[in-house]
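Below is one structure; the comments refer to it alone.
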2 protein chains.
Amino acid sequence: MIVRNLNAIRKTDRNVRSDGWASARMLLKDDGMGFSFHITTMFAGSELKMHYQNHLEAVFVLKGTGTIEDLATGKVHKLEPGVLYALNEHDRHIVRPETDILTACAFNPPVTGKEVHDASGAYPADAELVREPAPAD
Amino acid sequence: MIVRNLNAIRKTDRNVRSDGWASARMLLKDDGMGFSFHITTMFAGSELKMHYQNHLEAVFVLKGTGTIEDLATGKVHKLEPGVLYALNEHDRHIVRPETDILTACAFNPPVTGKEVHDASGAYPADAELVREPAPAD
């Protein structure tokens, strides 16, 4: 049994921050669950355009409001607490948080946590960079 | 892209209630995500003894307090908002909610939603009953 606390994870390298978002990885690939589980914040005023070609992702909104635009259809959905969106077709999309949006997210396949930094801690060359699943990860 | 609202799911047969718990299935197997995703409430004063032999489950506490006892070790962990537990070894366990506990849960393999009722709506004989993953599902 694994037991972890969000506040503790936020103080470790399992808490990743980038442009417009921050994500606490509660479970990663090496936990062996077959999915990863993240608590992710998308920051107010950001415009987060995303396309995860290699992952399926589900995002459940806990706090905050904004919109998600499905770029395949142009349809815009309201985001508010209780809404879940699932990128079941690797959907290209844009999230526009009006306030900070706090979410619980699951990824399949699981994120490894090494998508940005290599083992040495250096930033790998662009050609070798595996894209960080972000931000709603 | 799938977009669903918890309040709407609660009014459908995707909201399952049983002894000591209720679960809104936001994503099930037929959504094709490779996991299922549920918003589950465990009710105050219940004692929920569980052993999922066929599923791995992660549970993130959103609201409420209680404890989880790991029956393999006897260790008791506090449950409160921000705590995640993962049954990565099909762990036998008991959850004892002190208050109602609201959780976000992911299951691998995904729950089908048909674990309790057969196609006719009847309750199948015990010998044929596929155990409902519950309550923290």
Side-chain angles (χ1 to χ4, degrees), chain A residues 1-10 14 24-28 30-39 55-63 67-73 75-93 102-110, chain B residues 1-10 14 24-28 30-39 55-63 67-73 75-93 102-110:
Chain A
M1 185 183 297
I2 297 167
V3 180
R4 295 190 177 129
N5 191 299
L6 176 61
N7 289 335
I9 294 287
R10 289 212 190 280
R14 282 174 169 258
R25 280 75 184 272
M26 304 297 293
L27 293 170
L28 287 168
D30 63 5
D31 292 310
M33 297 293 287
F35 55 84
S36 55
F37 192 97
H38 314 174
I39 301 296
H55 295 80
L56 301 177
E57 184 196 20
V59 179
F60 182 77
V61 177
L62 302 172
K63 296 180 183 177
T67 61
I68 180 169
E69 180 178 350
D70 182 342
L71 292 175
T73 64
K75 188 163 182 181
V76 175
H77 303 272
K78 172 86 173 162
L79 298 179
E80 60 188 1
V83 171
L84 173 139
Y85 64 86
L87 306 169
N88 60 320
E89 295 181 320
H90 306 282
D91 309 73
R92 294 170 57 242
H93 64 287
L102 182 70
T103 65
C105 313
F107 264 83
N108 171 27
Chain B
M1 183 183 299
I2 297 166
V3 180
R4 294 191 178 129
N5 190 298
L6 176 60
N7 289 335
I9 294 286
R10 289 212 190 280
R14 283 174 168 256
R25 280 75 183 272
M26 304 296 294
L27 293 170
L28 287 169
D30 62 6
D31 292 312
M33 297 293 287
F35 55 84
S36 55
F37 192 96
H38 313 175
I39 301 298
H55 295 82
L56 301 176
E57 184 195 20
V59 178
F60 182 77
V61 178
L62 301 172
K63 296 180 182 175
T67 60
I68 181 170
E69 179 178 352
D70 182 342
L71 292 175
T73 64
K75 188 162 183 182
V76 175
H77 304 271
K78 172 84 174 164
L79 298 180
E80 61 188 0
V83 171
L84 174 139
Y85 64 85
L87 307 170
N88 60 320
E89 295 180 320
H90 305 281
D91 310 73
R92 294 169 55 240
H93 64 288
L102 183 70
T103 65
C105 313
F107 265 83
N108 171 27

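A note on names: the letters A, B, ... follow the listed sequences, proteins ahead of strands, and every chain is numbered from 1. For clarity, every value in this text was computed on a predicted model and none was experimentally measured.
Within the 4.5 Å cutoff, no side-chain heavy atoms of B:Thr103 are placed close to those of B:Phe60.
The salt bridge (Lys or Arg N to Asp or Glu O under 4.0 Å) search around B:Lys63 returns none, not counting sequence neighbours. When the salt bridge (Lys or Arg N to Asp or Glu O under 4.0 Å) test is applied to A:Arg14, the partners found at least two apart in sequence or on another chain are A:Asp30, A:Asp31.
Both the backbone and the side chain of B:Leu87 come within contact range of chain A, judged by heavy atoms closer than 4.5 Å. With a 4.5 Å cut-off on non-hydrogen atoms, B:Leu79 does not touch chain A at all.
Sparse packing is recorded around NZ of A:Lys75, with 12 or fewer heavy atoms of other residues, nucleotides or ligands lying under 6.0 Å away.
Between chain A and the options B:Ile9, B:Leu84, B:Val83, B:Val61, heavy-atom pairs under 4.5 Å are most frequent for B:Leu84.
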